[in-house]
Participant: 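Structure below; questions to follow.
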Amino acid sequence: MAPGSSVEVRVPPAGAVQAVEGPRHTRGTPPNVVETDPETWLGLVTGRVAWADAVDDGRVRASGERADLSGLLPLQAARER
């Protein structure tokens with residue numbers, strides 16, 4: 001993702017990671033959270049699923065002012081060629 005630790009990206013049961021530049025968060029529920037299922041996450045990072053579509057239909061739940069990852073997805077290395 002992007003360097004930093006202000007947005008927690010949760011993809012249960014696969015895991016969670018703090019990503020995206022901003023204030024460091026170390027305890028409790030972070031102020032910015034993105035949560036989705038593994039299939040949707042893989043679609044987002046490869047570009048097969050659009051961020052806005054996934055948010056609109058409820059496959060992605062994003063809260064907080066920095067939780068919009070649309071500018072970071074799809075990941076360059078994961079894009080289909």
Participant: Please name the pair of heavy atoms, one in V49 and one in L44, separated by the smallest distance, quoted to 0.1 Å.
Facilitator: O-CD2, 3.6 Å
Participant: Side chain to side chain contact (heavy atoms under 4.5 Å, CB included) between V11 and D37: does it pass, once the steps are laid out?
Facilitator: CA-CA 5 Å; V11 184; D37 60 90; 6.0 Å; no
Participant: Using every non-hydrogen atom in the two residues, find where P74 and G47 come nearest and quote the distance to one decimal.
Facilitator: CB-N, 3.4 Å
Participant: According to side-chain contact (heavy atoms from CB on, under 4.5 Å), who are the partners of R61, at least two apart in sequence or on a separate chain?
Facilitator: E35
Participant: Is there side-chain contact between W51 and L72, with heavy atoms separated by less than 4.5 Å?
Facilitator: no
Participant: Please name the pair of heavy atoms, one in A67 and one in N32, separated by the smallest distance, quoted to 0.1 Å.
Facilitator: N-OD1, 4.1 Å
Participant: Quick one: does V33's side chain get under 4.5 Å of R10's, heavy atoms only?
Facilitator: yes
Participant: Any side-chain heavy-atom pair from V34 and V7 closer than 4.5 angstrom?
Facilitator: yes
Participant: A side-chain contact here means heavy atoms from C-beta on lying under 4.5 Å apart; do V9 and W41 qualify?
Facilitator: yes
Participant: Can you tell me if T46 uses its side chain to pair, donor with acceptor, with the backbone of L42 under 3.5 Å?
Facilitator: yes
Participant: Between CZ of R66 and CD of E8, what distance do you get to the nearest 0.5 Å?
Facilitator: 15.5 Å
